[in-house]
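Any value given below was found using the heavy atoms of this structure, including those in side chains, with hydrogens, waters and symmetry copies removed. Note that this is a predicted model, so its numbers are computed, not measured.
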Amino acid sequence: MSTAGQVIKCRAAVAWEAGKPLSIEEVEVAPPQKEEVRLKILFTSLCHTDVYFWEAKGQHPLFPRIYGHEAGGIVESVGEGVTDLQPGDHVLPVFTGECKECRHCKSEESNMCDLLRINTDRGTMLSDGKSRFSKDGKPIYHFLGTSTFSEYTVCHVGSVAKINPAAPLEKVCVLSCGICTGFGATVNVAKPKKGSSVAIFGLGAVGLAAAEGARVSGAARIIGVDLNSNRFEEAKKFGVNEFVNPKDHNKPVQEVIAEMTDGGVDRSVECTGSVQAMISAFECVHDGWGIAVLVGVPNKDDAFKTHPVNFLNERTLKGTFYGNYKPRSDLPGVVEMYMNKELEVDKFITHSVPFAEINKAFDLMLSGQSIRCIIRMED
């Protein structure tokens, strides 16, 4: 029986207030409007960004809200004007988007869509400023245009990537955020040469993905930098073969790395959001050709300070957003890399829980036990 055009009642994990366990509720999900699609989510995973905004450390606390933005699912129905997708398509919803019309989308150099660029404050749909979620007639806010902690969700068509239906959604769902962010920062932006040296600052999921990018690129020395030495053993699976804990040294970590590498690494990728780590990542690359790439999101009052001579000595500093991937154009190709065994994804997935136990996924992340925990919606 088709549900197209009808309100769907389903389970969703609702955050009613900051830092309190999510509550599994029956919610109503309205049909998709113009340029929107309604998705049946089969697998979702917990990303640190969900935790950050659930704790209300982000900009503006907005509750009640349905979090979640790393997921895989199937198109249930499409709204007016949608031609790229049809019911039954296998898709990954993405926290950013690609309208294909703006200057950024038409540029080969940018993936920062004017229309669908990440907006953590917005809790409603673009077309009419309303939510598609409600309970007892009261709206529940969206998160990052995805809200995947619900059995059904509504997204703008530009934030949905159609992928190979043979790809296992319980694995490739993690590609819709953190893995692509880190992996792309290395392969698309830092572009280390075969046999080169790369320093990775921060060995969480994004940093490990950046290390995987260095491994796939053929880097000879992959140096992991983290304040938590417990992360070093796990990082070996991702190609990291040397480790530095800044706390073990009485000099700046950039000086330690410069001494280890005869003047500095060829490339560095910073995945922590600490402005001090950003400065270290830049100052630890070799003069003449070194490139540092910033991935982590800093606090709003942070300022980056370094001596201009570091630039004049031909070091390059770059930033990246979502690994420079355009969601609709590029994500299907990343999934094919996984299918062709060019990219390993399974090792990022350390835990799996049924939807009813979603709060356990939060506990695992907050205690540092999980890299990625898959949440099975149909269990």
Do [X] and [Y] make a side-chain contact, defined as non-hydrogen atoms from C-beta onward lying under 4.5 Å apart?
| X | Y | result |
| --- | --- | --- |
| T181 | I179 | no |
| I163 | L175 | no |
| F149 | V14 | no |
| F348 | L208 | yes |

Assess whether a salt bridge exists between [X] and [Y], defined as any Lys/Arg side-chain N lying under 4.0 Å from an Asp/Glu carboxylate O.
| X | Y | answer |
| --- | --- | --- |
| E151 | R11 | yes |
| E234 | R231 | no |
| E70 | R372 | yes |
| R328 | D84 | yes |
| E98 | K326 | no |

Parallel, tilted or perpendicular: rings of H286 and W289 (30°, 60°):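 If you compare the ring of W289 with that of H286, the planes turn out parallel.
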If the plane angle is over 60° it's perpendicular, under 30° parallel, otherwise tilted; pick one for F143 and F53.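 Rings of F143 and F53: tilted, as their planes differ by 30° to 60°.
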Sort out for me which residue in E28, H142, E36, Q33 forms a side-chain hydrogen bond (donor to acceptor under 3.5 Å, both in side chains) with R132.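 Of E28, H142, E36, Q33, side-chain hydrogen bond (donor to acceptor under 3.5 Å, both in side chains) with R132 is met by E36 alone.
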Going by atom types alone, do [X] and [Y] pair a side-chain donor with an acceptor below 3.5 Å?
| X | Y | result |
| --- | --- | --- |
| D50 | H69 | yes |
| T272 | E270 | yes |
| R376 | S352 | yes |

Partners passing side-chain contact (heavy atoms from CB on, under 4.5 Å) against P21 (at least two apart in sequence or in another chain):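 Once residues adjacent in sequence are excluded, the partners of P21 under the side-chain contact (heavy atoms from CB on, under 4.5 Å) criterion are N359.
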Heavy-atom count check: over 12 atoms from other residues, nucleotides or ligands less than 6.0 Å from [X] [atom1]?
| X | atom1 | result |
| --- | --- | --- |
| K130 | NZ | no |
| E109 | CD | no |
| Y141 | OH | no |
| D262 | CG | no |

Ring-face cation contact, Y338 with K171, 6.0 Å cut, 45° max: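 No, a cation-pi geometry is absent between K171 and Y338.
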Sequence neighbours excluded, which residues qualify as salt bridge (charged side-chain N to carboxylate O under 4.0 Å, His left out) partners of K135?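 Listed in chain order: E25.
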Could you walk me through whether H104 and N111 pass the side-chain hydrogen bond (donor to acceptor under 3.5 Å, both in side chains) test, one step at a time? CA-CA 6 Å; H104 285 276; N111 66 338; over 6 Å; no
